[in-house]
Structure formats: C-alpha cells, structure tokens
Amino acid sequence: MSKKPPAPPQTEKRVFKPSREFSKKARIGSLQQYRELWEESVKRPDKFWAREASELVWDTKWSKVLEWKEPFAKWFVGGKLNVSENCLDRHLGTPRQNKAAILWEGEPGEKRALTYQQLHREVCRFANVLKSHKVKKGDRIIIYMPMVPEAAIAMLACARIGAIHSVVFGGFSAEAIRDRINDSQAVLVITCDGGYRRGSVVGLKRNVDDALKEGVETIRNVIVYKRTGQDVTMQAGRDLWWHEEVEKVDAHCPSTPLDSEHPLFILYTSGSTGKPKGILHTTGGYMTGAYTTCKYVFDLRDEDVYWCTADIGWVTGHSYLVYGPLACGATSLMYEGAPNWPENDRFWKIIEDYRVTIFYTAPTAIRAFIRWGDECIKKHNLSSLRLLGTVGEPISPDAWNWYHSVIGGGNCPIVDTWWQTETGSIMITTLPGAASTKPGSAGLPFFGVDAAIVDDDGNEVPANTGGKLVIRQPWPSMLRNIHGDKARYKKTYWGDIKGMYLAGDGARRDKDGYFWIEGRIDDVLNVAGHRIGTNEVESALGSHPAVAEAAVVGRPDELKGQAVVCFVTLKMDITATPQLREDLRKHVRHVIGPVATPDDIRFADALPKTRSGKIIRRLLKQIASGGVVSGDTSTLEDLSILAKLGSSED
Ligand code: WT7
C-alpha cells in the first residue's frame with residue numbers, strides 16, 4: 001500500500017533563488033526593491049496604502065487613511081466603495097469583460113466557465129433575489145454550500161447590497177450551523193440540496209433543516225440551489241428554490257456604495273475557549289489587503305490560470321479564491337470535490353486540462369500527494385505551472401522539496417504564506433520574484449506588516465530565539481472585532497502586550513530576517529490545516545451522558561499535521577467499551593462536524609491535574625505522542641500516578 005514519506009532531514013541548508021526570467025517579469029523583481037517598499041510601507045503606511053487603495057474603485061474617496069485608537073482601527077475613513085463592484089463591474093468595458101472569471105469543474109466532471117460579464121449578471125440577479133426577500137444592508141446571511149460557482153455568486157451578491165455573509169464550511173454539523181445563526185442573528189440561509197464528495201452526496205439541506213428545527217428564531221428564508229437533484233423537503237413559506245427565484249427578477253442591480261468600515265463578512269474560527277469567534281472583516285481595508293497581496297504574492301497577470309484549492313468555507317477561500325483574484329481581474333479555478341476522486345491524479349489532470357499556471361494548496365494535501373506516489377503525477381503534463389503556494393501550517397523541508405521538484409519541475413518558486421482568519425490576507429511570505437525561499441520558512445513580512453518575535457514582556461528576542469509572533473502596527477485587512485464581543489477581541493488579540501497584535505503562534509526569526517513558524521501557543525490544534533479548539537472538542541465530549549471529564553490534546557500526525565487525541569474519564573458505573581468509544585467519536589462529529597472527529601479516544605481513570613485543578617496538558621501531550629501507551633485500548637489507562645505527579649506542578 002502507501003509508502004511512508006522519509007523522515008525529515010535535520011537541517012535543510014539550501015536556499016532557492018528566484019530565476020532571472022521570473023524576476024525580470026515580476027512586479028517586485030529584487031530584494032532591494034522589496035526592502036525599499038517595505039521600509040516605506042511601515043514608516044509611511046498612509047502613503048503606501050493610499051497608493052494601493054487608489055487602484056481600486058471608490059465611490060467616495062477617503063479623507064484619512066488610518067484612524068487608530070488601539071485596538072480599534074478604521075481604514076480609509078470616510079471612503080465609500082463596493083466590493084462586488086471592485087470584483088466585477090470595473091472589469092466590464094475592458095478587455096477582461098469576456099475573460100473567464102471562474103472556471104469550474106464539478107466532482108462528477110461537469111465543466112462551467114463564467115466570464116466577468118456573466119458572473120456580474122448572475123450576481124446582480126441573485127442580489128435582486130435577496131432584495132425581493134427583504135434582505136437589507138447590514139443583515140446577516142449564512143452561506144452553507146459546496147464548491148459551486150453559486151457560492152461565490154451568493155457572497156458577491158451579499159457584498160453588492162451590503163448584507164454581511166457568514167460562510168459555514170460544509171463539513172460542519174447542524175449544531176454548528178445553529179450556533180453561527182444564533183450568534184450572528186442571521187435572517188436567511190443560502191444552501192444546496194447537497195454536494196458531491198468522494199463519489200457520494202452530502203445532504204446539506206438536511207443539515208440546515210436540522211439546524212432550524214428548534215432554537216432558531218431569526219431565519220425567515222432558506223434559498224436552495226439545486227446541485228445534486230437529491231430529494232429534499234421544502235418547507236412552504238420558508239424554503240425557496242434558487243432557480244425559481246432568479247427567474248422572477250431582472251439583472252439590473254446597481255451596487256450600493258458602502259462605508260469603508262461597513263462589515264463585509266463574519267467568519268467563525270476556533271479559539272482557546274469553547275465558543276467559536278465570529279471574526280469580523282470590513283469593506284475598504286479588507287478589499288485593499290486581499291487585492292494587494294494577491295497582486296504581489298501571486299504576481300498575477302492576465303494570462304494566468306490561478307487555482308487555489310481552499311474551500312470557500314475558510315478564509316483562504318474568501319481572500320484567494322473569490323475576492324483577491326476577482327479584484328485583480330484574474331481567472332480563478334474552482335474545483336468541487338476531492339483530490340482523489342475518481343483517482344489519485346485528479347488534481348494533476350485538472351492542472352493539465354486547464355493549463356493551470358499558479359497552484360495554491362496546503363501542506364496537509366501535499367503530504368497526501370506524497371503518499372499516493374509519483375506515478376499518477378508523471379502521467380500528466382504540469383509544465384504550465386509557474387508558481388506554487390502553500391498555506392495553513394508549516395511545511396516540512398522534505399515536503400517542500402518534493403513539491404518543488406515533483407510538482408514544480410524544479411523551476412517554480414514556492415510562496416509559503418503565513419496568515420490567519422484574523423489577518424484577512426497574507427502577512428509573511430517571500431515575494432516570488434524578489435526573495436529567495438528557504439524550505440520550511442514562511443519568509444519575510446509583507447508590505448505594511450511590522451512582524452516581530454518577542455518575549456513575554458514584548459521585547460524583541462535575538463535571532464534564532466523562539467518567542468511569540470506579534471504584529472506591531474495595524475494593517476488594512478485586520479479583523480475589526482469579534483462579532484458582538486469587543487471585550488474578547490481586546491483581550492484575545494491586544495491584551496497580552498501593549499501595542500502588539502498577538503497571533504497565537506510561536507516562531508523564531510533567523511539572521512536574514514526570515515520567520516520560522518513553530519505552531520500555536522494556545523489550546524488550538526491545526527488538523528489538516530483546520531483550526532480546532534481543544535475546548536470545543538472537550539465541551540462536545542462533555543455533553544455526552546457517559547462522560548465525566550475530557551481533555552483534548554494534539555499529537556503529531558504524518559498526514560494531518562496534528563491528530564485529535566481525547567482523554568476521557570467516565571461517569572460512575574459506566575464501562576469503557578469499544579462501542580462507547582465509537583459512540584463518542586460519532587457524538588463529536590454530530591456536535592461539531594466531521595472536521596473535528598477524534599483520531600484517538602483514550603479512557604482514563606483520572607486526568608493529571610495541578611493542585612488548583614488545572615489539567616496538565618503538557619503531560620497529556622507526551623502521553624498522546626507515544627510516551628505512555630496501553631496495549632489494550634478498551635481498558636482504562638492508569639493515569640492516577642501521573643495525576644499525583646502532576647500535583648507538584650502548582
Ligand atoms: C493558523 C491560522 C490563513 C489561512 C489558513 C489558516 C497556521 C497558517 C501558515 C504557514 C505555518 C501557518 C498558524 C496560524 N498557519 N499559515 N504558512 N506556516 N503555519 O487560517 O484557520 O485562521 O489558521 O494557521 O498557526 O495561526 P486559520
């Protein structure tokens with residue numbers, strides 16, 4: 001079967017320079033040019049960002065670039081613009097009008113291409129549908145859809161009329177949808193009957209129905225796009241078919257000029273407490289950040305076929321599948337399904353078929369490709385590729401080398417991009433024509449990003465010393481708030497060290513100024529590039545009647561980066577059985593969704609705690625990583641000794 005990838009080498013010393021041809025064509029073609037612009041961008045952010053923002057279309061120009069009352073920023077104060085106008089209307093009447101905006105391939109193999117003009121028309125029509133159902137500026141809309149162009153259309157239609165979308169990843173459960181509806185007080189849900197995933201159909205509408213069964217009061221309508229044709233129940237008066245609704249409206253819908261600080265979207269992400277955080281992004285700054293990073297980092301040109309494999313349910317799908325590339329007038333490819341359907345070569349076939357030039361994916365996917373072997377790759381001509389990217393977690397130098405040579409044929413620069421849902425756009429990377437890449441390092445700060453590694457007091461640490469990754473000044477696409485919770489926003493991101501945004505990652509910086517991300521320093525796991533809060537899984541487990549207490553930690557995993565390991569103590573008189581373990585796994589899937597499925601559930605008689613009752617995660621992590629293993633997985637692990645040991649840690 002699958003071959004294990006070789007162990008990562010201890011040190012990878014090679015540095016990969018951009019080729020002369022690449023640099024010659026690139027917008028930023030030398031390290032010196034990057035440095036000069038970067039200096040300007042952090043010393044005179046108003047000047048730098050005003051220049052970038054001027055490349056967008058504004059209905060009213062801003063009067064002030066930045067108003068900063070820590071930790072609250074307003075960018076392009078007084079300016080008015082519309083994101084959908086910047087992604088669509090401004091390309092009409094230019095040679096891009098009839099260029100493909102979205103190239104789409106369904107998992108079963110259908111192909112669609114939407115030109116900028118066609119996409120504009122569909123967005124206008126759907127915006128009119130929203131209006132016809134009384135959706136107003138500022139209303140919140142949940143989008144729970146698979147990777148179909150209509151997902152992007154729905155997002156852009158919201159943006160067009162100033163409604164605030166909140167996309168919920170299709171791998172989340174009914175309960176997760178319900179929580180997000182209630183937290184955002186959404187008035188409408190846009191979904192599909194179902195979606196295709198690895199040859200089977202996923203019942204999305206069914207999950208929405210379950211979410212709305214009880215405990216939701218704000219939803220007036222559910223609009224359902226027919227994707228699979230599977231049977232669904234339509235509740236009269238509430239549920240509407242997309243295809244019927246768009247027939248009732250015309251395609252004329254002027255975009256609404258919105259204040260630069262008008263909210264564009266809320267995207268929920270895991271934090272270190274049980275409740276996901278609704279990360280709030282606004283219009284002018286976010287658009288400027290997504291546009292500017294897309295332009296420089298991917299060095300997009302009109303001939304490119306750009307493919308970002310992220311799902312629209314994550315921030316990468318927002319910024320680098322929809323908003324960034326469309327604002328740049330690029331051709332953005334969207335694929336609906338799994339990379340290994342019907343065969344392991346699906347991605348390589350797509351690259352060959354569409355002559356993809358830029359490919360942006362996640363290290364967890366790259367590790368899967370390595371496992372599947374090079375044979376299925378060699379069958380395809382990947383010579384159209386000119387630039388590769390990664391995002392979501394650190395990439396091991398080994399995986400990097402494989403990506404570089406097998407996928408990139410040894411001649412594509414790789415941009416390893418560090419950023420977060422909260423940052424809205426790429427913060428650290430090497431600009432492909434300007435800086436050399438070092439396998440395993442995300443690289444240098446992007447324009448306007450004053451990133452540093454500091455100790456607990458906020459002092460910058462010497463080169464190659466580990467510390468906290470912080471950003472020392474505001475940037476346009478930064479989050480503005482946690483929806484409805486200013487106090488949590490302040491405390492989580494700006495409460496640790498004065499004047500510094502705390503990313504929650506540990507990292508070090510080498511003597512050349514390159515950042516090496518070491519992973520989260522809070523209780524957040526990175527499972528296959530998805531953020532999972534250990535507390536969320538703990539509370540999901542805790543809601544099962546058999547569970548007394550649960551502690552969840554990460555364990556290094558070859559494929560997923562981190563695996564979810566749960567230590568569970570049971571209520572009195574409950575026996576640990578393999579069946580119960582399976583029930584608990586199912587329970588977590590039900591409460592949070594398949595993304596959070598535990599890899600390992602270990603029953604214990606007690607959890608190691610400090611005298612004050614705090615679970616000692618450090619010990620559990622060691623055990624989870626193989627320090628202490630019990631042979632028979634159905635028996636209780638005797639952690640009582642550790643529990644006692646732990647009490648000396650207070
Ligand atoms: C966390 C943010 C932003 C896109 C997808 C994830 C980790 C992200 C990298 C990278 C090392 C990375 C960090 C970060 N991360 N990119 N290039 N190298 N780690 O978004 O769900 O908000 O997660 O992902 O730990 O804090 P997210």
Side-chain angles (χ1 to χ4, degrees), residues 167-169 171-172 265-272 276-281 286 289-290 293-294 297 308-324 360-367 388-397 399-400 403 414-430 437-446 449 451 453 468-471 477-479 482 492-493 501-509 514-534 536 554 560-562 595-596:
V167 184
V168 178
F169 174 57
F172 279 122
F265 66 85
I266 299 170
L267 186 59
Y268 286 85
T269 188
S270 295
S272 43
K277 304 178 283 195
I279 303 301
L280 179 81
H281 283 286
Y286 173 81
T293 48
C294 221
V297 177
C308 163
T309 68
D311 191 280
I312 46 127
W314 309 110
V315 73
T316 311
H318 286 55
S319 304
Y320 298 110
L321 186 80
V322 181
Y323 293 123
Y360 187 34
T361 196
T364 185
I366 295 168
R367 291 191 296 269
L388 303 173
T390 75
V391 59
E393 51 177 318
I395 182 166
S396 73
W400 193 102
Y403 194 33
I414 298 179
V415 287
D416 178 348
T417 61
W418 177 89
W419 59 295
Q420 308 177 295
T421 306
E422 291 87 341
T423 69
S425 59
I426 293 167
M427 301 294 276
I428 297 177
T429 193
T430 44
T437 45
K438 300 187 185 189
S441 163
L444 301 165
F446 185 71
V449 176
I453 308 294
K468 294 175 174 177
L469 174 57
V470 295
I471 315 291
S477 65
M478 64 187 267
L479 78 164
I482 293 176
T492 310
Y493 302 110
Y501 166 85
L502 184 78
D505 279 329
R508 66 187 168 82
R509 206 172 181 183
Y514 279 56
F515 285 87
W516 297 76
I517 313 294
E518 287 162 352
R520 303 286 309 183
I521 48 174
D522 52 11
D523 294 328
V524 174
L525 306 182
N526 190 332
V527 180
H530 303 152
R531 248 159 91 167
I532 312 276
T534 51
E536 271 173 79
K560 299 200 283 185
Q562 274 189 304
V595 279

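Atoms within each ligand, like the ligands themselves, are counted from 1 in listed order. As the structure is a prediction and not an experimental result, all values here were calculated from the model.
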Sub-3.5 Å donor-acceptor pair from the side chain of Asn526 to the main-chain atoms of Gly529, do we have one? yes

A student checking ligand 1 against Asn526 at a 4.0 Å heavy-atom cut-off should list atoms 7 (C), 24 (O)

Relative to the heavy atoms of Ile517, which atoms of ligand 1 are at a distance of less than 4.0 Å? 11 (C), 19 (N)

Please list, in number order, the atoms of ligand 1 under 4.0 Å from a heavy atom of Thr417. 9 (C), 10 (C), 16 (N), 17 (N)

With heavy-atom distances below 4.0 Å as the criterion, list the atoms of ligand 1 near Val391. 4 (C), 5 (C)

Does Gly392 have a non-hydrogen atom less than 4.0 Å from ligand 1? yes

Numbering as shown, the atoms of ligand 1 that approach Pro394 to under 4.0 Å (heavy-atom distance): 11 (C), 18 (N), 19 (N)

For Thr390 and ligand 1, does the shortest N/O to N/O distance drop below 3.5 Å? no

For atom 1 (C) of ligand 1, state which one of Glu393, Met427, His318, Arg520 supplies the nearest heavy atom. Arg520

Side-chain donor/acceptor of Thr534 to backbone N/O of Val524, under 3.5 Å: no

Does Phe515 offer a backbone N or O that forms a donor-acceptor pair with the side chain of Ser441 under 3.5 Å? yes

Taking the six-membered ring for Trp, are Phe265 and Tyr286 ring centroids under 6.0 Å apart? yes

Going by distance only, is there an N or O of Thr316 that falls short of 3.5 Å from an N or O of ligand 1? no

Trp419: heavy atom below 4.0 Å from ligand 1, yes or no? yes

Do side-chain atoms of Thr293 reach the backbone of Ala290 as a donor and acceptor pair under 3.5 angstrom? yes

If you have a sec, work out which protein heavy atom is nearest atom 23 (O) of ligand 1 and how many Å separate them, to one decimal? Arg531 CD, 3.1 Å

Considering non-hydrogen atoms of the protein only, which is the closest contact for atom 25 (O) of ligand 1, and what is the distance? Asp505 OD1, 2.7 Å

Do the rings of Trp419 and Tyr320 sit parallel, tilted or perpendicular, given the 30° and 60° boundaries? perpendicular

Under 3.5 Å, is there a donor-acceptor pair between the Thr417 and Thr429 side chains? no

re atom 22 (O) of ligand 1, the protein heavy-atom contact at minimum distance is Thr421 OG1, 2.6 Å

Looking only at non-hydrogen atoms, find the nearest pair between Gly324 and Cys294 and report the distance. C-SG, 3.6 Å

Distance-only side-chain donor-acceptor flag, Trp418 / Asp505, under 3.5 Å: yes

